[in-house]
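Below: the structure, in structure tokens.
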Number of protein chains: 2
Amino acid sequence: MRMSKRERQRRIKQAFMDDPFLTDEEMAKRCKVSIQTIRLDRLELGISELRERIKHMAENHFDRVRSLLVEEVIGDIVDLQLDHSGVSVLEIKKEHVFARNQIARGHILFAQANSLAVALVNSEVALTGSAEIRFIRPARLGEKCIAHATVIKKKASRLQVDVKTKINGEVVFQGIFYVYRLEDDELVPANEEEH
Amino acid sequence: MRMSKRERQRRIKQAFMDDPFLTDEEMAKRCKVSIQTIRLDRLELGISELRERIKHMAENHFDRVRSLLVEEVIGDIVDLQLDHSGVSVLEIKKEHVFARNQIARGHILFAQANSLAVALVNSEVALTGSAEIRFIRPARLGEKCIAHATVIKKKASRLQVDVKTKINGEVVFQGIFYVYRLEDDELVPANEEEH
DNA sequence: CATGTATTAATACCAGGTACTAAATCAGTA
DNA sequence: TACTGATTTAGTACCTGGTATTAATACATG
């Protein structure tokens, strides 16, 4: 006996979830029905065509990857005086927040502040050594976070940087970052060579 | 005078990098040349057609996004005892490191630890209140970071969570996170309603 | 002016569809 | 058994965003 319509549609839905790259033709073969039936099913299930599915995926991922990964720095550094102070702006977008409550994940605010603190160091390469941070109130979707960083102490290769992040003038995040310049000989990767 | 071929191709290349979703038609308009010229240019430049570009993006970024962004959590949480302890594993990939020295950005290790600390809280929604962290030695491309989190203090809605991240048994990151459960009435977004 | 490069035009074809109409097949019921 | 409605299949026209190929045209330059 053939599969019922309901059952087939359930399977189709699942199959497209598992592999969004399936064409109707492939799907028709798998279900042993005609291609038209598959198309009617997609219509009823509100599943868009292959190209649209792929495009959607690419679009989403594109934005997110761009905004979070490709950049070395999180947030726009709009002002920078090396070894002295700097300002960074970050608008909270949907890829920064918890889906359930639209609140920015902690590490996003941290990342903005950390990126800024590291950028302040007048050196080829700088790393964060330690930090003390406080999340004073949650940042929400759409809000614009402005982080101000100031170098408090300067000692050879170590800097103490204070960062305060505000939304509409209200402090939402505060942190003290101890950042250090990386010496060239420390740069050598774990697997020796290079020098 | 019209643009030279070289100059046009340079621009086309850049334009497709900036926006892979451009059709040849759009590009032809922008460059004020025929669509055929654009196609010849793509051929010479080895740029594939729109659908192929999009498909590639969708395929590649599918995994990456899965591993970093779509999830609410950074790192694989392999063990979790609510309100008690947990373990998370994160392999340092190229999207986590500074291009110049292959060292993981500080906020990546922080994000792993923070995600884990927040996940520990036995509540619908939890946020980080504050943290003190130390980056003991840099984590490099390819290394596997194993974060162990333990709840040290439990006080009503606030928890103190200690996280130690190790690579091959060596501590690379250490942090104390003060995490709190979010009450329902604090959940309401800035723009009222919902309830 | 001829020659070569660059550009444009025109045509046939492709995948993977949408939209629509119509026919065929079932399944259940009066 | 015949009718009815749902389901399935078929067929056609059309769409986008191309490829592939051939041919014509424009432009510069020796």
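Chain identifiers are assigned alphabetically (A, B, ...) following the order of the sequence lines, protein sequences preceding nucleic acid strands; residue numbering begins at 1 within each chain.
In this structure A/Thr165 satisfies the side-chain hydrogen bond (donor to acceptor under 3.5 Å, both in side chains) test with no other residue, sequence neighbours excluded. Considering only residues two or more places apart in sequence or on other chains, B/Glu7 meets the salt bridge (charged side-chain N to carboxylate O under 4.0 Å, His left out) condition with B/Arg10. Considering only residues two or more places apart in sequence or on other chains, B/Thr37 meets the side-chain hydrogen bond (donor to acceptor under 3.5 Å, both in side chains) condition with B/Ser34. By the side-chain hydrogen bond (donor to acceptor under 3.5 Å, both in side chains) test, A/Gln9 is found to be paired with A/Asp41, A/Glu44, residues two or more places apart in sequence or in another chain being considered. The side chain to side chain contact (heavy atoms under 4.5 Å, CB included) check on A/Gln14 picks up A/Met17, A/Asp18, with sequence neighbours excluded. Every residue two or more places apart in sequence or in another chain that forms a side-chain hydrogen bond (donor to acceptor under 3.5 Å, both in side chains) with B/Arg137 is listed here: B/Glu143, B/Glu170. With sequence neighbours excluded, the residues satisfying salt bridge (charged side-chain N to carboxylate O under 4.0 Å, His left out) with B/Arg51 are B/Glu49. Applying the salt bridge (charged side-chain N to carboxylate O under 4.0 Å, His left out) test to B/Glu26 and every residue at least two apart in sequence or in another chain returns B/Arg30. In terms of the side chain to side chain contact (heavy atoms under 4.5 Å, CB included) criterion, residue partners of B/Val87 (sequence neighbours excluded) are, by chain and number, B/Val78, B/Asp79, B/Ile146, B/His148.
Here C/dA6 presents its C1' atom at 13 Å from CZ of B/Arg6, a figure rounded to the nearest Å. What separates CD of A/Glu26 from P of C/dA15 is a distance of 15 Å, to the nearest Å. Spacing between atom CD1 of A/Ile54 and atom C1' of D/dG17 amounts to 14 Å, rounded to whole angstrom units.
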>> Under the criterion salt bridge (charged side-chain N to carboxylate O under 4.0 Å, His left out), I'd like the reasoning laid out for B/Arg181 against B/Asp83: C-alpha separation, chi angles, the key distance, then a yes or no.
In response: CA-CA 11 Å; B/Arg181 304 171 214 272; B/Asp83 279 350; 3.7 Å; yes

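For the segment residues 37-51 of chain A, residues with any heavy atom less than 4.0 angstrom from an atom of DNA chain D are, sorted by number, A/Thr37, A/Leu40.
With C/dT18, D/dA10, C/dT8 as the choices, the nucleotide that has an atom nearest any side-chain atom of A/Ser34 turns out to be D/dA10.
Fit an axis to the five pairs at each end of the helix from C/dC1-D/dG30 to C/dA30-D/dT1 and the two axes sit 20° apart, to the nearest 10 degrees.
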Polar pairs (N or O, both sides) under 3.5 Å between protein and nucleotides 11-13 of chain D?
none

